[in-house]
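We number each residue from 1, following the sequence as shown. As the structure lists them, so they are numbered: ligands from 1, and atoms in each ligand from 1.
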Amino acid sequence: MTTLADFESTGALLTGHFRLSSGRHSERYLQCARLLQWPQRAGAAGRALARALADFSPSAVVSPAMGGVIIGHEVARALSVPFAFAERQDGAFTLRRGFRVEPGASIAIVEDVFTTGRSTREVMEMIETLGAGVVAVGSIVNRGLPPDAFRVPSRSLLTVQVPSWTAEECPLCARGVSIDTPGSRWGQVES
Ligand code: ZN
């Protein structure tokens, strides 16, 4: 079971003044890497997400790098299926390092956080152009995407509504609080 308490106790739920990858400002930031640096917790999250995705019988798991790599690997381990990660090359997600998906394969795409769902949707399209199908998508955290955000079923362990504002309406900016851009500082990829 992965709960908000796990995020708090591992320092993965940060409080401050942050510029999100969307450009909006927020006083909370979820840094999944801080949770996943504990292999036991990563394994537990992977098993829980694998249970949620097992009904769709994926034959492989594919994740966008970097954010999805650890959790995708743990989900694949729990499902006893192979795992591959997609990387951006010239802006577009692609499978490198000899990774292949078989035509007709049933793929689950696994991410750490759904924020806009952009990376997941791009990997979906890439998988489909290779002739394989995406049967479901999953993440540890959903930051408020609706259930129909993807064309396939979507499962998340935790849904967290984090209030955010434009720079103009941000109360922290109004109080002159200095801002952090955790994405660039701590290496989170846009999700
Ligand atoms: Zn602000």
When you check the side-chain N and O atoms of Arg41 and Thr10, is any donor under 3.5 Å from an acceptor? no
In the structure I gave you, are the side-chain heavy atoms of Leu79 and Pro58 within less than 4.5 Å of one another anywhere? yes
Quick one: salt bridge (Lys or Arg N to Asp or Glu O under 4.0 Å) partners of Arg34, sequence neighbours excluded? none
Determine, for Glu128 against Arg151, whether the closest basic-nitrogen to carboxylate-oxygen distance falls under 4.0 angstrom. yes
Give every residue pair that meets the ring pair (Phe, Tyr, Trp, His ring centres under 6.0 Å) criterion with at least one member in residues 118-164, sequence neighbours excluded. Phe114-Phe150
Within less than 2.8 Å, report the number of protein N/O/S atoms around the Zn ion (ligand 1). 4
Mind checking salt bridge (Lys or Arg N to Asp or Glu O under 4.0 Å) for Arg121 and listing every partner two or more places apart, or none if nothing turns up? none
